Amino acid sequence: MENLNLRKHSLLPWTLREGAEADFLQCSELWMNAIALRDGTPNDVRMKDRALAKLSVPGSILQVAETGADIQGFVLAAEKTAPGLGRTAHLSLLAVKPAYQAQGLGRSLLAGLTQTLAREGFAGATLGVLEDNLGARKLYEAASWQVTGGGFFEDSSRPCVYYSLDLQNRTPN
């Protein structure tokens with residue numbers, strides 16, 4: 001699954017594809033490194049373990065961007081449908097290696113995930129992002145995600161902003 005319209009503007013080539021269990025370790029390490037870089041802290045194996053746990057949830061949707069066999073970014077969503085509501089997915093992880101940031105890779109991963117969710121019949125999607133992660137918030141808002149509130153992440157007690165995306169009126173590819 002390649003998005004050539006977004007790729008042609010990048011200085012760095014990548015291929016988007018559906019992720020597999022064989023990708024879990026590389027994705028979890030990318031997540032651990034991305035969190036350490038974002039927060040200015042040393043790598044914390046607990047972040048890697050949390051990512052591995054999320055990646056291992058049956059039925060999750062993982063998409064990766066790679067050059068050769070090296071994963072440069074990934075996005076992960078899992079079904080979080082509440083009783084009586086339309087089918088909903090929750091975007092739980094999105095990470096891009098620093099060399100690929102600001103090249104359109106995060107945008108490509110998010111667009112690919114959105115297309116997959118719509119094609120698979122999800123009515124909507126949700127996510128939470130750190131309140132001070134302005135780069136990520138700008139990415140989500142540019143992709144039509146709407147702020148639905150705020151709160152605190154359970155695992156870190158850090159302030160977060162919640163977003164949702166209506167997928168019902170999107171045309172799946």
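Here the structure is a predicted model, which is why all the values come from computation and not from measurement.
Here the shortest heavy-atom pairing between Ala36 and Asn43 reads CB-OD1, 3.2 Å. Of all heavy-atom pairs between Thr67 and Pro13, the closest is CG2-O, 2.7 Å. Nearest approach of Ala143 to Leu110, heavy atoms of both residues: CB-CD2, 3.7 Å. The minimum heavy-atom distance linking Ser60 with Ala78 is given by the pair OG-CB, 3.7 Å. Of all the heavy atoms in Ala95 and Ala34, the pair that sits closest is CB-CB, 4.2 Å.
Contact of the Tyr140 side chain with the Leu165 side chain is not registered, since no non-hydrogen atoms from C-beta on lie closer than 4.5 Å. Counting heavy atoms from C-beta on, the side chains of Asp49 and Val45 come closer than 4.5 Å. Between Leu94 and Leu76 there is no side-chain heavy-atom pair separated by less than 4.5 Å. Within the 4.5 Å cutoff, side-chain heavy atoms of Cys27 are placed close to those of Val64. With contacts defined as side-chain heavy-atom distances shorter than 4.5 Å, the pair Leu16/Leu105 qualifies. Between Leu130 and Arg38 the shortest side-chain heavy-atom distance falls below 4.5 Å. Between Cys160 and Glu131 there is no side-chain heavy-atom pair separated by less than 4.5 Å. Residues Arg137 and Leu134 meet the side-chain proximity criterion, which asks for heavy atoms closer than 4.5 Å.
Residue Ser164 holds its OG atom at 12.0 Å from NE2 of His90, rounded to the nearest 0.5 Å. Rounding to the nearest 0.5 Å gives a distance of 6.5 Å between CG of Leu25 and CG of Leu52. To the nearest 0.5 Å, atoms NZ (Lys48) and CG (Leu55) are separated by 11.5 Å. Between the CD atom in Gln26 and the CD atom in Glu29 there is a gap of 7.5 Å [rounded to 0.5 Å]. Put simply, CG on Asp44 and CE on Met32 are 8.5 Å apart, with the number rounded to the nearest 0.5 Å. Atom CZ of Arg50 sits about 13.0 Å away from atom OG of Ser92, to the nearest 0.5 Å.
Taking hydrophobic clusters as Ile, Leu, Val, Met, Phe, Trp and Tyr residues chained together by side-chain heavy-atom distances below 4.5 Å, Val129 does not share a cluster with Ile35. No single ILVMFWY cluster, assembled from side-chain heavy atoms under 4.5 Å apart, contains both Tyr162 and Leu91. Leu93 and Val75 fall into different hydrophobic clusters, where Ile, Leu, Val, Met, Phe, Trp and Tyr are joined by side-chain heavy atoms under 4.5 Å apart, directly or via other members. Residues Val96 and Ile71 fall into different hydrophobic clusters, defined by Ile, Leu, Val, Met, Phe, Trp and Tyr side chains chained together at heavy-atom separations under 4.5 Å.
Here the side chain of Asp166 pairs a donor or acceptor atom with the backbone of Gln168 at under 3.5 angstrom.
Between Phe74 and Trp31, the two ring planes are perpendicular [angle over 60°; tilted spans 30° to 60°].
Asp70 and Gln72 are linked by a side-chain donor-acceptor pair at a separation below 3.5 angstrom, with hydrogens and angles left out of the test. Side chain to side chain, Glu79 and Thr88 fail the donor-acceptor criterion of an N or O pair below 3.5 Å.
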(request) Show your reasoning for whether side-chain contact (heavy atoms from CB on, under 4.5 Å) applies to Phe122 and Ile61. (result) CA-CA 12 Å; Phe122 285 90; Ile61 298 168; 4.0 Å; yes
(request) Show the numbers, then the answer: is there a side-chain contact (heavy atoms from CB on, under 4.5 Å) between Glu18 and Leu62? (result) CA-CA 6 Å; Glu18 183 176 321; Leu62 173 64; over 6 Å; no
(request) Report the C-alpha separation of Leu117 and Glu120 in whole Å, then their side-chain angles, then the decisive distance to 0.1 Å, and conclude whether the side-chain contact (heavy atoms from CB on, under 4.5 Å) test is met. (result) CA-CA 5 Å; Leu117 294 174; Glu120 292 193 12; 5.9 Å; no
(request) Could you please spell out the steps behind the side-chain contact (heavy atoms from CB on, under 4.5 Å) verdict for Trp145 and Leu127? (result) CA-CA 9 Å; Trp145 290 74; Leu127 65 84; 3.5 Å; yes
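For the pair Arg158 and Phe153, the cation does not sit on the ring face, since its NZ or CZ is not both under 6.0 Å from the ring centre and inside 45° of the axis.
Between Asp23 and Arg17, at least one side-chain nitrogen of the basic residue sits less than 4.0 Å from a carboxylate oxygen of the acidic one, meeting the salt-bridge criterion.
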